[in-house]
Amino acid sequence: MVYLTFFKQEKYLHEKEHKEGLRLLEYAIKEEYGIEKLPKIEKGIHGKPYFIEGGPYFNISHTKGIAVCALGEIEVGIDVERIRGISESMEKKVLSKEEREWVSVQEREEAFIRLWTLKESYVKATGQGLTMNFSKISFQFLNNKKGGQILCNQKGYCFYQQKIGTDAYLALCLKATEIPEEMKKLHILF
């Protein structure tokens with residue numbers, strides 16, 4: 001399941017966002033599994049969080065005023081980002097040649113964030129984190145509209161993406177062949 005919350009934030013504070021993500025995880029694990037207290041969390045070698053004593057897979061992401069959490073029985077990665085300005089050097093570092101071509105004929109900042117969230121959801125699902133060269137992960141959109149198929153050159157994972165409001169994107173990655181419909185429904189908490 002995917003849970004999302006919005007919160008008021010006077011200025012960017014990473015610590016507050018992280019706490020909102022953990023609060024969301026605590027709520028989600030109670031709703032989905034009936035677990036009253038958030039289990040102890042450890043981090044893998046590249047920072048991927050997991051429950052020490054086992055249990056469902058989960059992942060958290062946050063950005064200015066938004067926190068999201070994905071929870072399930074298979075490896076999962078999630079990312080949320082607000083659309084913002086991007087430098088050309090960042091594009092060259094992060095995007096494949098084909099993706100740079102696609103971005104050049106789109107709304108540049110929005111297209112970049114769409115690709116970035118997909119890439120980040122993938123490296124979070126695999127546990128590789130920011131150690132992986134993002135330009136080696138390449139995406140293609142078969143239908144640019146909501147619900148269109150997202151192809152990736154990294155096999156064994158599937159993706160879902162949704163625009164949040166007017167200025168943010170959420171991307172979900174699962175180690176599976178398709179995203180279950182229930183994972184596409186956002187549980188929004190305020």
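- For Tyr27, there are no side chain to side chain donor-acceptor pair (under 3.5 Å) partners, not counting sequence neighbours.
- Residue pairs meeting the side-chain hydrogen bond (donor to acceptor under 3.5 Å, both in side chains) criterion with at least one member in residues 171-182, sequence neighbours excluded, are Glu181-Lys184.
- Salt bridge status for Lys97 with Glu101: present, with a side-chain N to carboxylate O gap under 4.0 Å.
- One N or O on the side chain of Ser61 and one on the backbone of Val80 form a donor-acceptor pair closer than 3.5 Å.
- What you find for His46 and Thr131 is that their closest heavy atoms are ND1-CG2, 3.2 Å.
- Nearest heavy atom pair, residue Glu110 against residue Lys163, reads OE2-NZ, 3.1 Å.
- The two residues Ser138 and Glu98 come nearest to each other via the heavy atoms OG-OE1, 4.4 Å.
- Counting heavy atoms from C-beta on, the side chains of Ile164 and Phe6 come closer than 4.5 Å.
- Nearest heavy atoms, Cys69 versus Ala28: SG-CB, 4.4 Å.
- Ring centers of Tyr122 and Phe139: at least 6.0 Å apart, outside the cut-off.
- Contact of the Pro39 side chain with the Ile29 side chain is registered, since non-hydrogen atoms from C-beta on lie closer than 4.5 Å.
- In the hydrophobic clustering of ILVMFWY residues, with side-chain heavy atoms under 4.5 Å counting as a link, Leu25 and Phe7 come out apart.
- Electrostatic pairing of Arg84 and Glu109 does not count as a salt bridge here, judged by no charged N lying under 4.0 Å from a carboxylate O.
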Side chain to side chain contact (heavy atoms under 4.5 Å, CB included) evaluation trace for Ile60 with Leu22: CA-CA 8 Å; Ile60 297 170; Leu22 287 174; 3.9 Å; yes
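- With contacts defined as side-chain heavy-atom distances shorter than 4.5 Å, the pair Leu130/Glu120 qualifies.
- In terms of hydrophobic clustering, with Ile, Leu, Val, Met, Phe, Trp and Tyr side chains grouped at heavy-atom distances under 4.5 Å, Tyr50 and Val68 are assigned to different clusters.
- Taking 4.5 Å as the limit, every side-chain heavy atom of Cys152 sits out of range of all side-chain heavy atoms of Tyr157.
- Summarising the geometry, atom CD belonging to Glu91 is positioned 9.0 Å from atom OG belonging to Ser104; distances are rounded to the nearest 0.5 Å.
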Tyr160/Met183 under side chain to side chain contact (heavy atoms under 4.5 Å, CB included): CA gap, chis, key distance, verdict: CA-CA 9 Å; Tyr160 174 73; Met183 292 292 285; over 6 Å; no
Intermediate values then yes/no, side chain to side chain contact (heavy atoms under 4.5 Å, CB included), Leu38 and Phe51: CA-CA 9 Å; Leu38 190 62; Phe51 294 126; 4.1 Å; yes
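- To the nearest 0.5 Å, the span separating OG1 on Thr5 from CG on Leu189 amounts to 5.5 Å.
- Between Pro49 and Asn59 there is a side-chain heavy-atom pair separated by less than 4.5 Å.
- With hydrogens and angles disregarded, no donor-acceptor distance shorter than 3.5 Å links the side chain of Glu20 to the backbone of Ile66.
- Within a 6.0 Å radius of CD1 in Ile45, no more than 12 heavy atoms belonging to other residues, nucleotides or ligands are found.
- Looking only at atom types and distance, the side chain of Asp79 has no donor-acceptor partner in the side chain of Ser121 under 3.5 Å away.
- Once rounded to the nearest 0.5 Å, the distance linking CE of Met1 with CG of Leu186 reads 11.5 Å.
- A cation-pi geometry, defined here as NZ or CZ lying under 6.0 Å from the six-membered ring centre and within 45° of its normal, holds between Arg114 and Phe141.
- Across all their heavy atoms, Glu73 and Pro56 have their closest contact at OE2-CB, 4.3 Å.
- With values rounded to the nearest 0.5 angstrom, Ile137 atom CD1 is found 10.0 Å from Ser96 atom OG.
- Thr117 and Gln161 form a side-chain donor-acceptor contact under 3.5 Å, judged by distance and modelled atom types alone.
- Heavy-atom minimum distance, Ala111 versus Gln106: CB-CB, 3.6 Å.
- Side-chain contact between Tyr33 and Leu71 is present, with at least one heavy-atom pair separated by less than 4.5 Å.
- Between the side chain of Lys48 and the main chain of Ala125, a donor-acceptor pair closer than 3.5 Å is present.
- Under the 4.5 Å side-chain heavy-atom criterion for grouping Ile, Leu, Val, Met, Phe, Trp and Tyr, Ile188 is connected to Val2 within one hydrophobic cluster.
- Note on Phe58: it does not cluster hydrophobically with Ile78, by side-chain heavy-atom contacts below 4.5 Å among ILVMFWY residues.
- Distance check: Leu24 CG to Leu4 CG gives 7.5 Å after rounding to the nearest 0.5 Å.
- When atom types are taken as modelled, the side chain of Lys119 and the backbone of Val94 share a donor-acceptor pair closer than 3.5 angstrom.
- Looking at His62 and Lys19, their side chains never come closer than 4.5 Å, going by heavy atoms from C-beta outward.
- Note that the CD1 atom of Ile83 and the CD atom of Glu107 stand 8.0 Å from one another [nearest 0.5 Å].
- His187 and Tyr3 have parallel rings, their planes meeting at less than 30° on a 0 to 90° scale where 60° marks the start of perpendicular.
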Candidate pair Glu81 and Tyr169, rule side chain to side chain contact (heavy atoms under 4.5 Å, CB included), full reasoning: CA-CA 6 Å; Glu81 298 287 339; Tyr169 273 92; over 6 Å; no
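- Cluster membership check: Ile35 does not share its hydrophobic cluster with Tyr57, using side-chain heavy-atom separations under 4.5 Å among Ile, Leu, Val, Met, Phe, Trp and Tyr.
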